[in-house]
Amino acid sequence: MEAPPPLLLPFLLLLLLLASNMATAAGDGCSAGCDLALGSYYVTKNTNITYIAQLFGFTDYRLLAKYNPGLPNLDDVAAAGYRVDVPFPCECLARPSDPASTYLAASIPYKVVTGETYASIANNYINLTTADWLQATNTYPPNNIPDDATVNVTVNCSCGDARISTDYGLFRTFPLRDWDTLASVAATRDLSSPEQMDIVRRYNPGMDGATGSGIVYIPAKGDRKTITIYGVF
Ligand SMILES: *[C@@H]1O[C@H](CO)[C@@H](O)[C@H](O)[C@H]1NC(C)=O
Ligand SMILES: *[C@@H]1O[C@H](CO)[C@@H](O)[C@H](O)[C@H]1NC(C)=O
Ligand SMILES: *[C@@H]1O[C@H](CO)[C@@H](O)[C@H](O)[C@H]1NC(C)=O
Ligand SMILES: *[C@@H]1O[C@H](CO)[C@@H](O)[C@H](O)[C@H]1NC(C)=O
């Protein structure tokens, strides 16, 4: 067998490197998305459910009720500390700077108000996205967002992975807060057996040691199909 031509070797190494990077985020290198994923929105002070619903494109907050069967009256969640599940389609998108680089995310149109920045926009979404990620997924340069622009608010999501388990079809994008860890969040969602924890870890490569920052994907009860029958999209 002949040795590979000199240029081929660096190329192969590059491919390997790209492949190992892809393994680090759930949806990287996707080719398809799914109809539904959820975002876990942590309710802070001075907000209300109407405002939260609007951030995700819902004119009527009552549409969120079926995704939050465990919450008391939705009108009362303005109390800080609740988490509201917000539904969105999870699409396979590409970076504007590199169409070959795909990822799974919701892309929520956001009408900017004069003077807003990627940081101020990201702030409204309480760690479901970041200023850097908005900059990477929108074409406007950070210091030049037009006054009347619509920015895509990009929230990473997961559609699961049949190679890991076919038991779960619906996933919640969950920003870790304060002392939250992957295991503590899974436990509060009734996923605490060793078998379930093993699956949750495999959906979240690299996040096992994280505390208080970053996003994890937690299987949600009910599967995608059952929930879409109620008909939102
Ligand atoms: C809801 O919150 C938004 C943003 O904080 C605020 O502008 C609006 O007045 C509030 N609406 C009600 C009914 O409290
Ligand atoms: C979303 O996922 C991409 C990788 O696909 C990652 O680079 C980015 O930091 C993630 N954004 C957030 C807010 O976690
Ligand atoms: C928002 O996303 C749409 C569809 O993916 C794209 O055509 C548009 O250019 C994006 N907007 C910005 C500001 O990047
Ligand atoms: C948002 O994330 C930062 C760390 O990245 C953390 O300090 C802060 O508490 C988080 N806020 C909420 C409301 O989750």
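One-based numbering, in listed order, for ligands and for the atoms of each. Note that this is a predicted model, so its numbers are computed, not measured.
Geometrically, ligand 2 and Asp28 share a nitrogen or oxygen pair separated by less than 3.5 Å. Considering backbone and side-chain atoms together, Thr139 places an N or O closer than 3.5 Å to an N or O of ligand 3. The shortest N or O to N or O distance between Asn152 and ligand 3 is under 3.5 Å. Taking distance alone, with nitrogen or oxygen atoms compared against 3.5 Å, Thr129 stays at or beyond that limit from ligand 2.
Cysteines Cys92 and Cys30 place their SG atoms closer than 2.5 Å to one another. For the two cysteine residues Cys90 and Cys159, the thiol sulfurs sit 2.5 Å or further apart.
A search for side chain to side chain donor-acceptor pair (under 3.5 Å) contacts involving Thr173 returns nothing, not counting sequence neighbours.
Those atoms of ligand 3 with a heavy atom of Tyr140 less than 4.0 angstrom away are 13 (C). Those atoms of ligand 3 with a heavy atom of Asn138 less than 4.0 angstrom away are 12 (C), 13 (C), 14 (O). Residue contact check: Asn156 has heavy atoms under 4.0 Å from atoms 1 (C), 2 (O), 3 (C), 8 (C), 10 (C), 11 (N), 12 (C), 14 (O) of ligand 2. Close approach of ligand 2 to Arg95 is summarised as follows: ligand atoms under 4.0 Å from at least one heavy atom of the residue are 7 (O). Contact atoms of ligand 2 toward Tyr103: 5 (O) (distance under 4.0 Å to a heavy atom of the residue).
Closest approach of Val185 and Phe174 over heavy atoms only: CG2-CE2, 3.5 Å. Taking each heavy atom of Met207 and Ser213 in turn, the nearest pair found is CE-O, 4.0 Å.
Taking CG of Asn152 as the reference point, atom OG1 of Thr129 lies at 10.5 Å (rounded to 0.5 Å). Note: Tyr67 OH to Leu170 CG = 9.5 Å, rounded to the nearest 0.5 Å.
Each of Tyr42, Ile126, Asn127, Arg177, Asp178, Gly212, Ser213 has a non-hydrogen atom positioned under 4.0 Å from some atom of ligand 4.
Placement of Leu38 and Tyr103 in two distinct hydrophobic clusters is found when ILVMFWY residues are connected by side-chain heavy-atom separations under 4.5 Å, directly or transitively.
With Tyr41 as reference, Leu55 is the one residue of Asp85, Ile49, Leu55 to meet the side chain to side chain contact (heavy atoms under 4.5 Å, CB included) rule.
For Arg83 and Ser40, the side-chain atoms include at least one donor-acceptor pair closer than 3.5 Å.
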